[in-house]
Amino acid sequence: MFVVLILTKMRSKRTFNEKIYNKLKEVPFGKVVSYKILAESINSKAYRAVGSCMRRNKYPDKIPCFKVVRNDGDIGKYSLGIKEKIKRLNKEGIIVKNNKVDLDKFGFKFD
DNA sequence: GCTGTGACTTCGA
DNA sequence: CTCGAAGCCACAG
């Protein structure tokens, strides 16, 4: 009873960024994912909240934020700077052109 | 506890 | 094509 209640409460706070975090971990090397795909993969439409959580970034060491781009392929922004983001993307073999990536090639879907 | 803002998206003018 | 508004969730003030 009480346990369930507590767990439920905790879940309401956690679900979001934790799920995003988990999904983001599923993204294989050399692939990127958009905020939208990420949000939808956890049954939510809070695209902005995803960005918010990344920006606040509670887990800077655990979350590969550079793998998250906008739906248009625009890489958006990055805590450490867009330059750094591009650098890291390039390290995964992802081509960034004019601050954009090719989602058809590198976009990962969670099926 | 309500308000504003933000690494976003989509639709209509 | 560009611009503005609405909609979603979390967090700071």
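In what follows, chains carry the letters A, B, and so on, assigned in the order in which the sequence lines appear, proteins first and then strands, with residues in each chain numbered from 1. This one's a predicted model, so the numbers in the text were calculated from it and none came from an experiment.
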Exercise: identify the closest heavy-atom pair between A:F16 and A:V50
CE2-N, 3.9 Å

Categorize A:R55 for me: base, sugar-phosphate, or nothing, with a 4.0 angstrom heavy-atom threshold over every strand shown.
base

What heavy-atom pair brings A:G73 and A:L103 nearest, and what distance separates the two atoms?
N-CD1, 3.8 Å

C:dA10 C1' sits how many Å from A:R48 CZ, rounded?
11 Å

In numerical order, the residues of residues 74-91 of chain A whose heavy atoms come under 4.0 Å of DNA chain B are A:K77, A:Y78, A:S79, A:K85

Roughly, in whole Å, what's the span from CG in A:N17 to P in C:dA10?
8 Å

A:R56 side-chain proximity, nearest of C:dG7, C:dC9, C:dC11
C:dC11

Closest non-hydrogen atom pair, A:V33 against A:F110
CG2-CE1, 3.7 Å

Using a 4.5 Å cut-off on heavy atoms from C-beta on, say whether the side chain of A:V68 contacts that of A:V32.
no

C:dA10, C:dG7, C:dC11: which one has an atom nearest the side-chain heavy atoms of A:A49?
C:dA10

Rounded C1' spacing from B:dA7 to C:dT2 in Å
22 Å

If I take atom CD in residue A:E18 and atom P in nucleotide C:dA10, what distance separates them, rounded to the nearest angstrom?
12 Å

With distance as the sole test, does A:K77 use its side chain to make a donor-acceptor pair with the main-chain N or O of A:G51 at under 3.5 Å?
no

Got A:I95 and A:V101 here, is their nearest side-chain heavy-atom distance under 4.5 Å?
no

Please list, in numerical order, the residues of residues 33-44 of chain A that have a heavy atom closer than 4.0 Å to any atom of DNA chain B.
A:Y35, A:K36

Side chain to side chain contact (heavy atoms under 4.5 Å, CB included) against A:L80, all qualifying residues, sequence neighbours excluded
A:Y78, A:E84, A:R88

Smallest heavy-atom separation, A:M54 atom then A:L24 atom, equals CE-CD2, 4.2 Å

Atom pair distance, as rounded to whole Å: CG in A:N71 and C1' in C:dC8:
15 Å

Could you tell me the boundaries of the chain A footprint on DNA chain B, defined by atoms under 4.0 Å from its heavy atoms?
B:dG6 to B:dT10

Without swapping roles, check the side chain of A:D74 against the backbone of A:R70 for a donor-acceptor pair under 3.5 Å.
no

I need the full list of salt bridge (Lys or Arg N to Asp or Glu O under 4.0 Å) pairs touching residues 32-47 of chain A, with sequence neighbours left out, sorted by first then second residue.
A:K36-A:E40

Suppose the criterion is salt bridge (Lys or Arg N to Asp or Glu O under 4.0 Å): which pairs have a residue in residues 89-111 of chain A, not counting sequence neighbours?
A:K67-A:E92

